[in-house]
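I have placed the structure first, in the form of structure tokens, so that the comments after it can refer back to it.
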Amino acid sequence: MAPAVGALAGDEPVFASGARLCLESVAIPTGEADDPRRARLEDALVEYLEASSFAVRRPSEVAPRLEALVEARPPYIDTATGERLPEVWDAFLDGVAADLRDELGCDFRVEARIVQVAAPFRNGSARVDGRTMQVSSPGRVVRNVFAGVNEWGWVPALSLWVEVTDLRGELVAFRSAGVEPLVSLAVLVDQDLKPEDAWLSNPKDVGLALVLALGLDAELLLERGVPGGRRR
């Protein structure tokens, strides 16, 4: 595989289009490891990153290597003090970085997960990591307007978090965006919770969250990866 854009022989790789990414196992708040929703999220993320000119190693390749490295990790806690032994821990991180670089050809690691959060809402709209989503039915909104009711509070929702680190696990970039609310408010129902088996059922919600979080061509993710760039 070719070196990342801007990376010369012996230089640290630059987080830019063309970088080679190791995607770790994608996490969702419900379901087993073989939950099809996890696979759909992984496929959507890989498709997005590859369309944005990144080379991606899938979790099916990355996860076994990381698991093997963790299993072989030497004791790194001082039994007398309970503190981490820095030289042992640093050597372990260096080994992880070397393995992912030499065996999988990666420059950076990517971790993505769907997280359940509490989102503030007011008068029918909830704000989830930069995305505004409707949680009240039109009938409830109209009823409250005529009744002079000002509703506010917190509702459960799902958010997409995407984190990029170097091969030793140091943060390079982080972005997030709301995916969907987990509650609907109607005229006759104060709070109707969405069942877990219906979470992440609409691929358009995940696709839109990816674009809102990362940008059309990952430009929002990249701006948090350049030296001195804004960090969340």
Side-chain angles (χ1 to χ4, degrees), residues 1-74 76 88-115 159-177 179 200 203 206-207 209-211 213-215 217-218 220-222 224-225:
M1 300 174 72
V5 173
L8 303 177
D11 289 346
E12 289 295 321
V14 176
F15 183 50
S17 294
R20 305 165 298 184
L21 308 178
C22 270
L23 177 60
E24 300 184 34
S25 296
V26 175
I28 61 176
T30 183
E32 303 298 328
D34 59 353
D35 191 313
R37 292 171 290 185
R38 188 189 307 274
R40 288 198 297 266
L41 176 57
E42 177 186 315
D43 290 341
L45 183 56
V46 170
E47 181 179 351
Y48 170 89
L49 291 171
E50 290 181 340
S52 300
S53 300
F54 293 103
V56 184
R57 290 285 194 176
R58 284 179 170 268
S60 57
E61 300 175 276
V62 178
R65 301 207 69 85
L66 290 176
E67 290 171 3
L69 290 167
V70 170
E71 288 180 1
R73 180 178 59 196
Y76 63 94
V88 177
W89 183 249
D90 286 342
F92 167 68
L93 294 181
D94 288 341
V96 170
D99 189 276
L100 296 180
R101 180 182 61 248
D102 298 340
E103 300 300 326
L104 296 182
C106 293
D107 301 312
F108 299 92
R109 295 159 64 175
V110 178
E111 181 181 353
R113 55 192 181 275
I114 299 291
V115 181
S159 180
L160 169 68
W161 293 4
V162 179
E163 181 179 279
V164 179
T165 69
D166 65 18
L167 297 181
R168 296 180 85 255
E170 294 295 326
L171 183 65
V172 172
F174 175 83
R175 289 286 296 173
S176 65
V179 178
L200 304 172
V206 173
L210 277 171
V211 172
L214 309 182
D217 294 304
L220 298 179
L221 184 67
L222 289 170
R224 282 158 171 75

Handout entry: Counterpart residues, side-chain hydrogen bond (donor to acceptor under 3.5 Å, both in side chains), relative to Thr165 (two or more places apart)
Key =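 So Thr165 forms no side-chain hydrogen bond (donor to acceptor under 3.5 Å, both in side chains) with any residue.
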Practice task
Only counting residues at least two apart or in another chain, list the ones meeting side-chain hydrogen bond (donor to acceptor under 3.5 Å, both in side chains) with Asp94.
Solution key: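 Asp94: side-chain hydrogen bond (donor to acceptor under 3.5 Å, both in side chains) contacts with Arg168.
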Problem - Aromatic plane relationship, Trp161 with Phe174 - under 30° parallel, 30 to 60° tilted, over 60° perpendicular - result: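 Taking Trp161 first and then Phe174, their aromatic rings stand perpendicular (interplane angle over 60°).
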Measure the spacing between [atom1] of [X] and [atom2] of [Y] and express it to the nearest 0.5 Å.
X      : Y      : atom1 : atom2 : result
Leu104 : Arg57  : CG    : CZ    : 5.5 Å
Leu160 : Leu214 : CG    : CG    : 7.0 Å
Ser52  : Leu221 : OG    : CG    : 9.0 Å

Identify the two heavy atoms, one from [X] and one from [Y], that lie closest to each other, and give their separation to 0.1 Å.
X      : Y      : answer
Phe108 : Asp166 : CD2-CA, 4.0 Å
Ile114 : Pro29  : O-CD, 3.3 Å
Ala177 : Ser159 : O-OG, 3.3 Å
Leu222 : Ser17  : CD1-OG, 3.9 Å
Pro59  : Pro64  : O-CD, 3.6 Å

Problem - Side chain proximity check, Leu23 to Val62, heavy atoms < 4.5 angstrom - result: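 Sidechains of Val62 and Leu23: no contact.
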Problem - Leu66 side chain reached by Leu100 side chain, heavy atoms, under 4.5 Å - result: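 The answer is yes; the side chains approach within 4.5 Å.
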Can you give me every donor-acceptor pair (side chain of residues 40-48, partner residue at least two apart or in another chain, under 3.5 Å) with its distance?
unit_1 : atom_1 : unit_2 : atom_2 : d
Glu42  : OE2    : Arg58  : NH1    : 2.9
Asp43  : OD1    : Arg58  : NH1    : 3.0
Asp43  : OD1    : Arg58  : NH2    : 3.4
Tyr48  : OH     : Gly215 : O      : 2.5
Tyr48  : OH     : Ala218 : N      : 2.8

N/O donor-acceptor pair under 3.5 Å between [X] side chain and [Y] backbone:
X      : Y      : value
Arg20  : Gly105 : yes
Arg37  : Leu200 : no
Arg109 : Cys22  : no

Handout entry: Salt-bridge contact Glu111-Arg113 (side-chain N to carboxylate O under 4.0 Å)
Key =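 Yes, Glu111 and Arg113 are salt-bridged.
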